Amino acid sequence: MDTQITIHHIRAMKDHGERISMLTAYDYPTALLMDQSGVDMILVGDSLGMVVHGFENTLPVTMDMMIMHSAAVRRGAKRALVVGDMPFMSYQVSLEDAKRNAGRFVAEAGVDAVKLEGGLRMAETVHALVEMGIAVQGHIGLTPQSVSAFGGFKTQGKSVEAARHLLDDARALEEAGAFSLVIEAVPAKLARLISQTISIPTIGIGAGVGCDGQVLVTHDMLGLFDRFTPKFVKQYANVSAVMREAMQAYCDEVRRGMFPAAEHEFSIDDDTWAVIAGEFAIPENQAAD
Ligand code: KIV
């Protein structure tokens, strides 16, 4: 399919039992490749704080950073649905903040939807954004912006009470008008139950195959993030190794005078060069091209 994917396509995919693929991207060339690869949804995740900017967690990420990266992704992605991730402090303090910042994502970066973290407690915000005409993706389970409150990157929904809360969160987001829902680091059986209980598509990350779709952080699945690899990540390539080898080969060739070769150089007309060489008294062996 070459036409632009909309939230209606994403919802229809669940109705037709078609699994949805989503990956994160933060720049133009990656977004281009994703369109060529047939990815359905691209998330400009605030994970960029860690995997692109090298922060310890996602909390220092700002709206301005998100807008800049999202606009670059939008320029590359003509087919995939692009979702901009609302960073910490851009929607938690007031509804006004949430509306202004979600509006910026759409107006300045051209995203198709925004994502925000939180279930029941965010239902009013989700509803307000949907009323404004902005499509919203929810995010429940392990929500990285609350990592300190969780006491670290831990699996969620493992007790009866916690599982009930997650089901309530999912239903609340569906009722508030979210078009889909990311479920992160939740037992597979519970994520499957949530997916069967609600009508909107669930996109799992560390939530098993029972979700309606899957999302991974691209730097994790390409082997481009050095710090840690969560248990739920499958590494599909070792791009770091390919890049490191290319960089080492370049350094080696520069040091040995093998790069640039003749085919990488620009020439100058012989008569012109003769004049310059004459003026600067360039030695005979350097006077020719
Ligand atoms: O920021 C991000 O990349 C995310 C995914 C982990 C879902 O929120």
Side-chain angles (χ1 to χ4, degrees), residues 10 20-27 30-31 34 39-63 65-70 72-73 77 80-92 101-102 105 109 111 113-119 122 126 136-147 150 152-157 166 169-170 173 178-186 191 194-195 200-208 211-222 224-225 227-235:
I10 298 298
I20 302 158
S21 59
M22 187 178 201
L23 281 172
T24 64
Y26 317 106
D27 58 40
T30 310
M34 284 187 183
V39 172
D40 300 311
M41 284 198 277
I42 297 178
L43 172 65
V44 187
D46 64 355
S47 50
L48 65 82
M50 297 171 76
V51 302
V52 175
H53 291 270
F55 294 124
E56 278 302 309
N57 53 45
T58 59
L59 303 184
V61 175
T62 64
M63 268 307 293
M65 290 163 76
M66 293 305 300
I67 296 284
M68 192 190 68
H69 286 282
S70 301
V73 166
L81 185 114
V82 176
V83 181
D85 205 5
M86 307 261 312
F88 183 56
M89 292 300 284
S90 69
Y91 59 98
Q92 290 94 340
N101 288 321
F105 257 122
V111 303
V114 298
K115 175 171 88 57
L116 52 82
E117 297 184 4
M122 279 300 148
V126 171
V136 182
Q137 182 170 61
H139 185 163
I140 61 170
L142 174 59
T143 44
Q145 290 172 16
S146 310
V147 68
F150 291 140
F153 290 92
K154 292 184 180 152
T155 313
Q156 301 298 304
L166 280 178
D169 283 339
L173 291 171
F179 79 95
S180 84
L181 192 56
V182 169
I183 305 180
E184 179 164 355
V186 164
I194 295 172
S195 307
I200 56 174
T202 59
I203 311 295
I205 173 162
C211 293
D212 302 304
Q214 299 294 324
V215 59
L216 281 178
V217 171
T218 297
H219 286 55
D220 288 338
M221 58 87 79
L222 291 183
L224 265 174
F225 184 56
R227 260 186 270 153
F228 59 88
T229 308
K231 167 183 159 68
F232 54 74
V233 170
K234 177 171 174 183
Q235 202 173 301

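One-based numbering, in listed order, for ligands and for the atoms of each. This structure is a prediction, so every number in the text was calculated from the model and none was measured.
Heavy-atom proximity to Thr24, at under 4.0 Å, picks out these atoms of ligand 1: 3 (O). Atoms of ligand 1 found under 4.0 Å from any heavy atom of Ile205 (numbered from 1 in listed order, with element): 6 (C). Interface atoms of ligand 1 facing Gly45, defined by a heavy-atom separation under 4.0 Å, are 1 (O), 2 (C), 3 (O). Ligand 1 places these atoms under 4.0 Å from at least one heavy atom of Leu43: 2 (C), 3 (O), 4 (C), 5 (C), 7 (C), 8 (O).
Between Tyr26 and His219, the angle of the ring planes lies from 30° to 60°, which puts this pair in the tilted group.
Taken from CG in Leu116 to OG in Ser90, the straight-line distance is 8.0 Å, to the nearest 0.5 Å. Taking CG from Asp46 and NE2 from His53, the interatomic distance works out to 11.0 Å, rounded to the nearest 0.5 Å. Here Leu59 contributes atom CG and Ser146 contributes atom OG; the two are 8.5 Å apart, rounded to the nearest 0.5 Å.
Ile10 is listed as a side-chain neighbour of Phe179, based on a closest heavy-atom distance under 4.5 Å.
Neither the backbone nor the side chain of Glu117 has a heavy atom within less than 4.0 Å of ligand 1. Counting heavy atoms under 4.0 Å from ligand 1, residue Leu48 does not touch it at all. Counting heavy atoms under 4.0 Å from ligand 1, residue Asp46 touches it through both backbone and side chain. Counting heavy atoms under 4.0 Å from ligand 1, residue Thr58 does not touch it at all.
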Would Asp85 and Val44 satisfy side chain to side chain contact (heavy atoms under 4.5 Å, CB included), going step by step from the backbone distance to the final call? CA-CA 6 Å; Asp85 205 5; Val44 187; 5.9 Å; no
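Taking a 4.0 Å cut-off on heavy atoms, Met22 fails to register as neighbouring ligand 1.
Between the side chain of Tyr91 and the main chain of Glu117, a donor-acceptor pair closer than 3.5 Å is present. Distance alone, capped at 3.5 Å, is enough to place a donor-acceptor pair between the Thr24 side chain and the Thr218 backbone.
Checking only distances, Asp85 does come within under 3.5 Å of ligand 1, N or O to N or O. In terms of polar-atom proximity, defined here as any N/O pair under 3.5 Å, Lys115 does make such a contact with ligand 1.
The protein heavy atom nearest to atom 2 (C) of ligand 1 is Ser47 OG, 3.3 Å.
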